[in-house]
There are 4 protein chains.
Amino acid sequence: MEFKEQQSIFQQIAEHVIQQILTDEIKANDKLSSVRETAGKLGVNPNTIMRAYTELLNNNIIYNKRGIGYFVSESAKTTILNKRKKDFLTKDVPMFIGKIKMLNINKQELENIIKLIKK
Amino acid sequence: MEFKEQQSIFQQIAEHVIQQILTDEIKANDKLSSVRETAGKLGVNPNTIMRAYTELLNNNIIYNKRGIGYFVSESAKTTILNKRKKDFLTKDVPMFIGKIKMLNINKQELENIIKLIKK
Amino acid sequence: MEFKEQQSIFQQIAEHVIQQILTDEIKANDKLSSVRETAGKLGVNPNTIMRAYTELLNNNIIYNKRGIGYFVSESAKTTILNKRKKDFLTKDVPMFIGKIKMLNINKQELENIIKLIKK
Amino acid sequence: MEFKEQQSIFQQIAEHVIQQILTDEIKANDKLSSVRETAGKLGVNPNTIMRAYTELLNNNIIYNKRGIGYFVSESAKTTILNKRKKDFLTKDVPMFIGKIKMLNINKQELENIIKLIKK
DNA sequence: GTGGTCTAGACCACC
DNA sequence: GTGGTCTAGACCACA
């Protein structure tokens with residue numbers, strides 16, 4: 001796994017777990033790979049993994065069994081999708097529309113974009 | 001002027017200048033308010049203004065007359081719009097479409113969004 | 001049996017035994033279910049049961065017959081109740097009063113709480 | 001400042017800040033002492049302070065100005081008190097009553113406790 | 001100066 | 001074995 005410069009590593013790791021959940025690579029009640037193991041595999045400090053997992057824990061995407069490990073929450077997928085959808089409708093859509101207006105996108109271009117969207 | 005937390009202040013200031021150019025509040029060869037004055041008005045460290053102006057300078061949106069001040073470039077508006085349009089088509093549109101697919105936005109929702117876009 | 005996250009499992013198991021003693025589900029000189037059996041039943045590591053029983057042993061709530069098992073002490077119930085009562089009066093009551101003051105619980109609310117207590 | 005063994009240091013530091021807010025030692029929009037300064041003063045690693053402050057940030061008790069520092073939120077005090085009061089009524093009160101019943105506190109003792117509460 | 005992130009490595013409680 | 005906390009020290013972006 002390679003990391004982008006623009007985002008912190010722990011966020012990218014958290015995001016990666018989320019993607020795995022969304023694509024069913026890991027499912028409800030599956031165990032995440034342990035902090036140390038993940039750290040070794042990604043060539044990253046265990047603290048960094050801890051921070052990523054803590055982030056997911058705070059958002060109820062994973063839970064914790066003492067001395068055993070982290071597990072995907074039953075409701076992880078819906079929790080994630082609900083948040084994403086809300087963000088999309090309240091942030092992305094208005095921003096997208098704002099840009100179209102600001103950039104004076106003409107009719108023809110607009111139609112092309114909408115075609116792409118509908119595909 | 002109030003600042004959002006998610007973006008650095010100097011970027012927000014640069015963005016603000018760009019918006020003023022796009023809306024013709026300030027036009028080609030107009031002088032920007034001085035670093036010190038702007039800093040005082042916004043309650044911000046002069047270094048921060050400097051950095052915003054440097055950013056604009058590097059993108060050829062403003063130019064500098066030594067000892068006099070910063071001025072809006074002749075080509076500022078087209079420079080900005082070209083870059084924005086390119087970014088919009090190559091980044092925003094694909095990302096927008098990607099999110100629609102990922103979130104399983106259904107037909108009805110999609111139509112509503114497109115209506116908003118067409119307005 | 002389900003476990004809370006905030007307290008260690010061995011403590012919850014020990015507490016569970018104590019509750020059984022207090023409610024006379026198990027009485028003086030009754031045999032506790034064996035470490036292995038309990039572990040299997042609760043889906044927990046035998047070490048964890050061991051630790052819970054050791055905890056109870058140290059507090060003279062249970063005793064041990066080598067090769068036979070663990071048994072409820074003659075004085076278990078009174079031992080427990082004495083300790084609990086002392087803790088309640090010296091810790092819980094002062095803390096409860098402290099919180100009432102800190103939170104500015106008003107007269108009406110206070111009366112409601114006292115009604116609940118007296119029931 | 002001395003730390004107890006039973007609770008993590010970063011939580012005790014966060015709690016200390018909360019106490020300072022509740023007692024008006026620090027008020028809305030006051031700046032907290034910087035991460036490094038606090039770390040030095042308490043003889044603790046800066047990371048530990050960071051973690052305490054991050055905790056408070058997540059609970060909207062403090063906010064953040066880029067490059068400047070952490071500040072007490074306008075609503076910090078009410079946020080804290082609301083949470084505490086809710087916790088008190090939903091957790092402490094039921095537990096307190098539960099203990100009274102479990103311990104067979106007699107009438108006389110109960111009256112004494114209520115007297116203390118009413119003071 | 002400020003916070004934010006990360007590493008390396010330690011020690012602890014718990015399972 | 002697992003996670004949880006902490007230290008010491010580094011480097012970065014930002015004001």
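Every chain is numbered from 1 and lettered A, B, ... according to where its sequence line falls, protein lines coming before strand lines.
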When you look at NZ of A:K99, are more than 12 heavy atoms from neighbouring residues, nucleotides or ligands closer to it than 6.0 Å? no

Here the distance between atom P of E:dG3 and atom CD1 of B:I9, to the nearest Å, is 14 Å

Applying a 4.0 Å non-hydrogen cut-off, can you work out what A:R36 is touching in the nucleic acid: base, sugar-phosphate, or nothing? base

Does any part of the side chain of B:V17, heavy atoms only, come nearer than 4.5 Å to the side chain of B:V72, both counted from C-beta? no

Look at the aromatic rings of A:Y70 and A:Y53 and report parallel, tilted or perpendicular, splitting at 30° and 60°. perpendicular

Please state whether the phosphate of F:dG1, meaning OP1 or OP2, lies under 4.0 angstrom from any side-chain nitrogen or oxygen of A:S34. no

Heavy-atom neighbours of B:K83 NZ exceed 12 at 6.0 Å: no

When you match A:R51 and C:R51 each to their closest nucleotide on DNA chain E, which lands nearer the 5' end? A:R51

The side chain of A:M50 is closest to which nucleotide in this list: E:dT5, F:dT2, F:dT5? F:dT5

The nucleotide from E:dT7, E:dC11, E:dC15 with an atom nearest the side chain of A:V44 is E:dT7

Spacing of D:Y70 atom OH relative to E:dG1 atom P, expressed in whole Å: 18 Å

Short side-chain N/O contact to E:dC15 OP1/OP2 from A:R66, under 4.0 Å: yes

Give the rounded distance in Å between these two atoms: CD1 of D:I62 and C1' of E:dT2. 14 Å

To the nearest Å, how far apart are A:N45 CG and F:dA10 P? 16 Å

Secondary structure string for DNA chain E (Watson-Crick or G-U under 3.5 angstrom, | for other-strand pairs): ||||||||||||||.

Atom pair distance, as rounded to whole Å: CD in B:Q7 and C1' in F:dA13: 14 Å

Between C1' of E:dG1 and NZ of D:K65, the distance in whole Å: 15 Å

Look at all strands and tell whether A:N64 reaches a base, only sugar-phosphate, or nothing, counting heavy atoms closer than 4.0 Å. sugar-phosphate

Nearest-nucleotide 5' precedence on DNA chain E, D:N47 against A:G67: D:N47

Figure out the NZ/C1' separation between D:K4 and F:dC6, and round it to whole Å. 19 Å

Checking all strands, does C:F10 fall into the base, sugar-phosphate, or nothing category for heavy-atom contacts under 4.0 angstrom? sugar-phosphate

Test item: B:R84 and B:I18 side chains (from C-beta on) under 4.5 Å apart, heavy atoms: yes

Specify the separation, in whole Å, of atom OH of C:Y53 and atom P of E:dC14. 19 Å

Can you find a heavy atom in the side chain of D:D30 that is under 4.5 Å from one in the side chain of D:K27? yes

Do A:E15 and A:Q11 have a side chain donor and acceptor closer than 3.5 Å? no

